[in-house]
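Please read all numbers here as calculations on a predicted model, not as lab measurements. Labels below follow one simple rule: chain letters A, B, ... track the order of the sequence lines, proteins then strands, and each chain is numbered from 1.
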Amino acid sequence: MDKVYAPQEIERRIYERWEGRGWFAPQGSAAPFCIMIPPPNVTGTLHMGHAFQHTLMDALTRYHRMRGDATLWQPGTDHAGIATQMVVERQLEAEGLRRADLGRTSFLERVWQWKAQSGGTISRQMRRLGDSVDWSRERFTMDEDLSHAVTEVFVRLYEEGLIYRGKRLVNWDPVLLTALSDLEVLSEEEDGHLWHLRYPLADGNGHLVVATTRPETMLGDTAVAVNPEDGRYRHLIGRSVRLPLAGREIPIIADAYVDAAFGSGCVKITPAHDFNDYEIGQRHGLEQINILTATATLNENVPERFRGLDRFEARRRVVAELESLGLMEKIEPHRLPVPRGDRSGAVLEPWLTDQWYVKIAPLAHPAIEAVESGAIRFVPESWAKTYFEWMRNIRDWCISRQLWWGHRIPAWYDGRGNVYVGRSEAEVRTRHGLAASTALRQDEDVLDTWFSSALWPFSTLGWPERTGELAKFYPTSVLVTGFDIIFFWVARMIMMGLKFADGVPFRDVYITGLIRDHDGQKMSKSKGNIIDPLDIIDGIDLEALVAKRTSGLMQPHLAPGIVKATRREFPQGIPAFGTDALRFTFAALATQSRDIRFDLGRVGGYRNFCNKLWNAARFVTMMVPEPPGAEPAEHSVADRWIRARFARMLAGVESALTDYRFDFAATALYEFTWYELCDWYLELVKPVLQDDAASEALKRGARRTLVETLEALLRTLHPFMPFITEEIWQRVAPLAGRAGETVMLAPWPGAAGFPPDSQAESDMGWIQSLVLAVRQIRGEMDISPARRLPLLLQNASPEDRERLARHQTFLERLAGLESLRVLAAGESAPQSAIGLVGGLKLLVPMAGLIDAAAEIERLAKRLAKTRQELEKTRTKLGNESFVGRAPAEVVAAERARAAELEHTIASLEAQLERVRSLAAG
RNA sequence: AGGCGCGUAGCUCAGUGGUAGAGCACUUCCUUGACAUGGAAGUGGUCGGUGGUUCGAUCCCACUCGCGCCUACCA
């Protein structure tokens with residue numbers, strides 16, 4: 001084996017073998033375990049958040065596969081209606097074409113072409129991450145069978161009256177020319193103005209003042225509202241004002257919605273262009289006057305001179321005219337939330353159009369109950385609150401989009417305005433007895449992408465067919481995703497699953513934190529702080545990284561800042577860390593926190609961990625070049641100890657995984673591997689294997705323990721670090737007598753061979769204490785590790801003597817001793833540095849080694865520390881309430897502690913005195 | 001406005017009603033036959049603040065300060 005672990009060489013080769021052998025597909029008839037991948041957007045690439053979630057999903061998948069479950073991790077992508085259409089339209093634009101020039105059919109061909117060409121990016125990334133998904137079952141939301149499921153669900157919901165078509169206000173994107181759902185609206189505060197307009201009373205007796213942030217909409221006003229309790233205006237209710245510019249007479253109405261304390265207390269009502277006004281309009285039977293076209297220019301319902309103007313130009317003209325008429329009371333600066341489309345960034349308009357909606361309340365109720373009853377469990381559970389909060393205030397879902405790319409709405413219209421919904425035009429004709437001569441036209445619109453995503457857990461398994469996969473894997477075991485799509489996706493899957501697949505789509509919802517950059521900022525293209533997970537795996541130089549971050553920016557003016565920040569944060573670019581180091585980092589970072597700052601330093605630490613493991617294996621294969629053989633073996637205390645420690649670690653990893661505490665699992669593995677196996681056990685086998693006097697049986701015991709423990713450790717690490725464990729396992733498994741072609745299909749380790757052994761653990765604890773005490777003296781006295789030390793033991797108990805007899809070799813080797821001897825009772829000790837292990841005193845003679853002054857300083861420091869601790873303990877024991885009320889065992893422990901501290905202090909004091917007197921003499 | 005979360009070592013974060021932990025960084029020593037992507041020893045924290053419950057609070061409760069996120073119709 002090479003001296004340094006080199007991930008680049010092995011990862012691709014290993015993955016190709018796994019995939020080529022078909023090992024990712026579910027096997028056997030055992031208990032099913034299934035995870036549905038949250039389908040990434042087919043236009044996109046995997047970002048750090050994906051890599052994070054994929055690591056956790058893969059760890060769970062590999063863990064369950066090794067436990068023998070029939071394990072399916074289902075991959076796929078969604079068609080991302082708007083995003084994909086935008087990408088292809090931009091491509092056309094470069095050719096000087098628009099989508100209308102091609103027509104619907106050719107345009108869709110172009111989209112499929114584009115998908116064939118660039119849709120592979122994500123799957124390439126997934127392969128590099130080691131994702132053990134069943135590629136043979138990869139799905140795309142626009143696949144024929146998934147589309148079939150979409151149609152089926154639409155038709156059934158329609159037939160039940162849970163889908164309806166209606167003309168109402170929607171969030172309209174005047175750039176993309178489509179409706180959006182509430183969730184696709186991003187509202188942020190921006191600077192604007194509050195214009196106070198004077199509306200003259202129709203009878204000529206003065207005016208009212210209304211305040212508005214969007215003065216151009218006044219052309220569509222159909223009322224002015226006041227609060228019914230507002231004494232200032234009560235006498236005006238029922239009268240009317242003359243709407244300036246438009247010249248219409250509109251009523252003054254009373255509605256409790258109006259806040260008398262805000263502005264003038266009068267509100268202009270524009271039912272066709274404001275969601276609140278729409279509702280007020282409904283309540284009062286007001287006319288709805290739509291003044292905008294689809295592109296947000298003014299239409300024929302406004303006075304001639306305003307027609308055709310863009311909305312913002314219209315605003316300037318309206319304001320100017322009102323000012324010149326003396327109808328502008330005042331203009332104030334004002335911050336207000338401005339709704340923008342999440343894709344286009346355009347300011348959205350509430351606009352009256354015909355759209356399709358899902359009536360959501362009847363679906364929401366059972367979905368709420370599923371979480372309340374525990375049929376679905378959120379982890380961490382506090383996310384259930386967020387879910388409830390949204391579900392209880394949910395509104396009908398606008399599912400139609402004015403796009404070409406997506407699932408076309410299965411509705412047909414005849415010439416008389418009748419609408420027919422069905423699985424196909426043929427079905428519609430048959431069911432409604434429509435003659436072939438009756439012309440039918442299919443609805444032009446497509447469905448929201450999330451509509452098909454909501455069906456993902458069962459559409460990918462073949463629904464509506466009652467397939468074997470559906471029966472076996474539904475409901476799935478766990479959904480792993482980020483909190484940002486609880487509403488978009490999680491809630492909708494629950495609703496649809498309960499409605500159509502006879503039950504919840506998953507048992508657990510594990511909500512991961514959000515990966516942020518080193519400064520806690522959300523990673524985004526526009527901020528220029530994204531990192532491609534593959535660049536951590538393969539490394540990237542600074543210039544390439546800068547180029548990557550600044551190319552294709554929506555706002556090119558941000559580039560200089562991005563360049564600067566990137567050069568500051570990654571002056572050397574990013575080194576190659578390999579997949580396993582990145583994955584282990586993600587696991588270690590997977591705490592219950594909802595924000596996770598990504599720290600490259602951590603990846604470096606775990607890259608080192610990979611190297612540590614690699615070198616441990618290198619050592620093992622050097623020590624055990626061939627199988628140790630089945631002849632009788634004897635196990636040393638170290639052998640028994642490491643086996644017992646392995647069992648504890650294994651149990652810790654298992655319970656951590658049950659609780660989705662990947663951070664605990666990672667810590668348990670890390671600490672066992674580094675601090676127990678490498679720091680202690682590998683050192684402990686050296687004196688055995690390198691000692692000619694040691695028995696063959698003892699050596700065989702050590703060799704077996706080495707290979708068996710390492711082999712089992714590799715299996716335990718495999719879900720987190722699949723590549724390095726496979727590479728090493730191929731060499732080590734035969735030595736440990738374990739057959740099998742791959743670690744990924746090897747059984748998860750069990751207790752056999754790793755029995756608990758508290759005797760070995762306490763003996764090892766004693767050995768470690770002695771070694772540490774000597775090392776402490778060595779370290780604090782700056783004695784070279786190369787220098788062998790003589791060690792004398794004083795005040796040894798019978799147990800100490802007994803242990804010493806059994807473990808002397810270990811002590812000599814690990815503490816770097818030249819000699820080790822127990823002082824006889826009454827035998828005087830030479831001038832020494834002292835270490836204490838319980839009552840046992842460790843003496844390192846100072847002659848020629850240790851400066852008395854240094855030892856005095858060391859002892860004094862230790863004494864001060866111990867006295868401080870004793871002081872605290874005494875205070876506690878001096879408190880009558882503590883002694884009287886605390887549990888007896890707590891008090892007893894405190895007393896024992898005090899006694900031990902006192903003893904330590906006495907020893908230290910005596911020693912200090914001795915060294916001092918000698919130094920003086 | 002409502003909801004949720006966070007504040008622990010220089011940095012990034014675990015954690016527990018009973019002696020505060022890790023990684024990185026830092027200091028000193030060491031190239032000893034697995035590993036310098038290493039080994040050994042060490043420095044470093046009034047656990048945001050105040051009050052309460054308790055024998056005992058970093059942990060539970062109340063208030064408070066600071067920060068963040070999500071929902072929402074104040075024109």
Side-chain angles (χ1 to χ4, degrees), chain A residues 1 3-5 182 187 194-195 210-214 217 225 257-259 261-270 274-280 334 336-337 380 382-383 385-386 388-390 393 483-484 486-487 514 516 518 520 522 575 577 581 585 588-589 591-602 604-623 661 663-664 667 670-671 678-679 682-683 686 690 772 775-786 816 869 872-873 876 879-887 889-891 893-894 897 901:
Chain A
M1 291 174 75
K3 198 169 169 181
V4 175
Y5 173 58
D182 298 338
S187 226
L194 199 52
W195 285 272
V210 297
T212 180
T213 55
R214 306 176 59 211
T217 63
Y257 160 77
V258 179
D259 178 357
F262 187 90
S264 63
C266 300
V267 185
K268 61 190 270 313
I269 303 297
T270 322
D274 181 281
F275 289 99
N276 295 310
D277 293 6
Y278 179 84
E279 282 176 23
I280 293 174
H334 183 67
L336 71 161
S382 61
W383 288 110
K385 285 187 189 168
T386 306
F388 289 137
E389 186 66 20
W390 189 66
N393 297 301
F483 58 79
D484 46 336
I486 289 181
F487 306 145
L514 194 72
R516 296 172 172 277
H518 186 262
K522 201 165 165 172
F577 292 106
T585 306
L589 289 176
T591 64
Q592 303 225 338
S593 168
R594 67 195 209 179
D595 293 304
I596 295 165
R597 292 190 191 211
F598 191 80
D599 179 7
L600 258 194
R602 246 7 238 259
Y606 293 119
R607 185 261 325 262
N608 297 354
F609 177 62
C610 291
N611 191 54
K612 190 76 179 173
L613 179 68
W614 180 260
N615 275 285
R618 186 161 164 257
F619 173 74
V620 171
T621 52
M622 285 166 71
M623 291 292 121
R661 288 305 303 260
D663 56 330
F664 287 175
T667 304
Y670 184 93
E671 291 182 346
C678 292
D679 284 352
L682 297 191
E683 295 306 320
K686 287 176 186 173
Q690 293 165 359
L772 289 173
R775 281 183 186 165
Q776 193 170 58
I777 291 170
R778 194 193 286 279
E780 291 182 1
M781 296 295 114
D782 280 351
I783 301 170
S784 159
E869 282 175 47
K872 273 201 283 188
T873 305
K876 223 170 178 180
N879 183 344
E880 280 176 34
S881 309
F882 172 72
V883 178
R885 301 202 194 192
E889 64 268 23
V890 172
V891 178
E894 204 62 30
R897 181 174 149 75
L901 288 170

*Does A:His518 reach the side chain of A:Leu600, with side-chain heavy atoms less than 4.5 Å apart?*
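In short, these two side chains do not touch, never coming nearer than 4.5 Å.
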Can you tell me, in whole Å, how much space there is between the [atom1] of [N] and that of [M]?
| N | M | atom1 | result |
| --- | --- | --- | --- |
| B:A9 | B:G15 | P | 15 Å |
| B:A62 | B:C24 | P | 39 Å |
| B:G17 | B:C11 | C1' | 30 Å |
| B:C73 | B:C13 | C1' | 41 Å |
| B:U46 | B:A75 | P | 47 Å |

Answer yes or no: side-chain N or O of [X] and base N or O of [N] forming a donor-acceptor pair under 3.5 Å.
| X | N | answer |
| --- | --- | --- |
| A:Arg597 | B:U12 | no |
| A:Arg594 | B:C69 | yes |
| A:Lys612 | B:C35 | yes |

*Ignoring the backbone of A:Lys3, work out which of B:A14, B:A36, B:C69 is nearest its side chain.*
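For A:Lys3, the side-chain atoms sit closest to B:A36.
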_Salt-bridge present (A:Lys872, A:Glu869; N to O < 4.0 Å)_ =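 Between A:Glu869 and A:Lys872 there is no salt bridge, as every charged N stays at least 4.0 Å from the carboxylate O atoms.
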*Return yes if some donor-acceptor pair links the side-chain N/O of A:Arg516 with the main-chain N/O of A:Phe598 below 3.5 Å, else return no.*
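No, the answer is negative, given that no donor and acceptor are paired below the 3.5 Å cut-off.
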*Quick one: does A:Asn611's side chain have a donor or acceptor within less than 3.5 Å of a partner on A:Arg607's backbone?*
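Checking the backbone N and O of A:Arg607 against the side chain of A:Asn611, no donor-acceptor pair under 3.5 Å is found.
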